[in-house]
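Worksheet for the structure shown next.
The figures here come from the full heavy-atom set of this structure, side chains too, leaving out hydrogens, waters and symmetry mates. To find a chain, count down the sequence lines: A is the first, B the second, and so on, and within it residues start at 1.
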There are 2 protein chains.
Amino acid sequence: MGVKRKTKSVELMLETFGQSKNALTVVDLVKRFEGKMNKTTVYRVLERLEDEGKLHSFTGKDGLKWVAKCHGCISSNHTDDHPHFQCNDCGISQCLSLDISIPKVANHKIESANFLFFGQCEQCLNSYSE
Amino acid sequence: MGVKRKTKSVELMLETFGQSKNALTVVDLVKRFEGKMNKTTVYRVLERLEDEGKLHSFTGKDGLKWVAKCHGCISSNHTDDHPHFQCNDCGISQCLSLDISIPKVANHKIESANFLFFGQCEQCLNSYSE
DNA sequence: TTTGTTAATGCACCTAAGTTGCATTATATT
DNA sequence: AATATAATGCAACTTAGGTGCATTAACAAA
C-alpha cells in the first residue's frame, strides 16, 4: 500500500461513530452499511482506521469484535488500556474514561491489559424507576 | 436432562487440567482428544463442568474460548472475577490469584468484570537470561 | 481536461469456531 | 437380563472473519 486516499467509506465510518463513546460490533456495522458498503470493505476500513489511531477495538465476552471512537481516552495513543462497559440488559457497550492501575504480578512482566465491566447502563437503571 | 452420570469423558477432561492453573483453549482441547472424544462432546463436557463449577472459562483477545480449573480462586463460586494472564511470547494463559477491586462508575451499576493481562510469563522472562 | 497509476472496493469463495438434530451407545436402576 | 435415559458420535449447519482477483475510483502529472 502506498499513499492513503480519502474515500467515502472512511468518512461514512467515522461519521457513524460521531462524538459518541458507544462501541459497535463489526457485525452491526456490516448490517448498517448493507447495500452501501461491502462487508469486506467494512473490515478493511476498520483495520485502516485502527492503524491510524482513529478507532480502537476490543473483544466482547461473546467473542465478537467491538469498535469505538474513544474521545475521552487518557493516553494519546490507542493502545492504552481504558476499560469498556457492557450493559447486561440492553447490550450497549461503551468506553469508560477511567484509569485502572495494573497490579504487579510476581514473576510476570505485564505490558498491557483488557478491562471489561458488566452491569446496567444509565438508561436501563433509570427505566426501572419509571 | 435428568440425573448426571459419571463418564470417562468427564474424568478425562478434569485429569487434563490436573492441578494446573494454566488455561487451555477449547480448540486445543478438541485437538488433544482427537480420536478419543468427539468435538461436540468436548464442548458439552466443558459446558457441564462449568455449570457444576469445576471449570470456568473466559474469552481471549483473539475471541477464542479458554478454559481453566482455577484452584486458587478467591471466591468459592466460579463467577468471581479473578484476572487471567496471557503470555505475548509463548501464548500460554493462566489464572492469577489476585483480587482486583471494581471501581465505581458514575451512573452505572457494575455487577461483574473481566480482567485480562498481557506480557511475559515466568518461563519466557527466564529464557532471556540464559 | 484528459490520461495513467494504483489505492479502494465488490464479489465470490474460503476457513474455522461453535452449534444442532438425530441415531447410536453406555450407564444406572429395577 | 430388561428397561429407561443420559452421554456420545456423526454429519450437517451457522456465522465471524479473511483472501484472491477483477473492477472502480481517487489523485497526480501532462
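Relative ring orientation between A/Phe58 and A/Trp66 is described as parallel, the plane-to-plane angle staying below 30° on a 0-90° scale split at 30° and 60°.
Rounded to a whole Å, the CD atom of B/Glu50 is 14 Å from the C1' atom of C/dG18. Protein atom CG of A/Asp28 is 11 Å distant from nucleotide atom P of D/dA16, rounded to whole Å. Note: CH2 (B/Trp66) to C1' (C/dG18) measures 17 Å, nearest angstrom. The nearest whole Å value for the distance from the CG atom in B/Asp62 to the P atom in C/dA16 is 14 Å. Rounding to whole angstrom units, CD of residue B/Glu47 and P of D/dT8 are separated by 12 Å. Distance, B/Leu64 CG to D/dA16 P: 16 Å, rounded to whole Å. Put simply, CE on A/Met13 is 14 Å from P on C/dA8, counting in whole angstrom units. Between A/Glu52 atom CD and C/dA8 atom C1' the separation is 13 Å, expressed in whole Å.
Between the side chain of B/Thr59 and the backbone N or O of A/Asp62, no donor-acceptor pair lies under 3.5 Å. For B/Ser93 (side chain) and B/Phe85 (main-chain N/O), a donor-acceptor pair under 3.5 Å exists by modelled atom type. The backbone N or O of B/Ser20 lies less than 3.5 Å from no partner atom in the side chain of B/Lys69, so there is not a single donor-acceptor pair.
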*Determine, for nucleotides 23-30 of chain D in 5'-to-3' order, which nucleotides have protein heavy atoms under 4.0 Å from the base (write B), from only the sugar-phosphate (write S), or from neither (write -).*
--BBS---
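Within residues 37-46 of chain A, the residues that place at least one heavy atom under 4.0 Å from DNA chain D are, in residue-number order, A/Lys39, A/Thr40, A/Tyr43, A/Arg44.
Separating the CG atom in A/Asn88 from the NZ atom in B/Lys109 is a distance of 10.0 Å, to the nearest 0.5 Å. We find the CZ-OG distance between B/Arg48 and B/Ser9 to be 9.5 Å, quoted to the nearest 0.5 Å. With values rounded to the nearest 0.5 angstrom, B/Leu116 atom CG is found 5.5 Å from A/Asn114 atom CG. To the nearest 0.5 Å, atoms CZ (A/Phe115) and CD1 (A/Ile100) are separated by 5.0 Å.
Applying the side chain to side chain donor-acceptor pair (under 3.5 Å) criterion to A/Arg32, with sequence neighbours excluded, gives A/Asp28.
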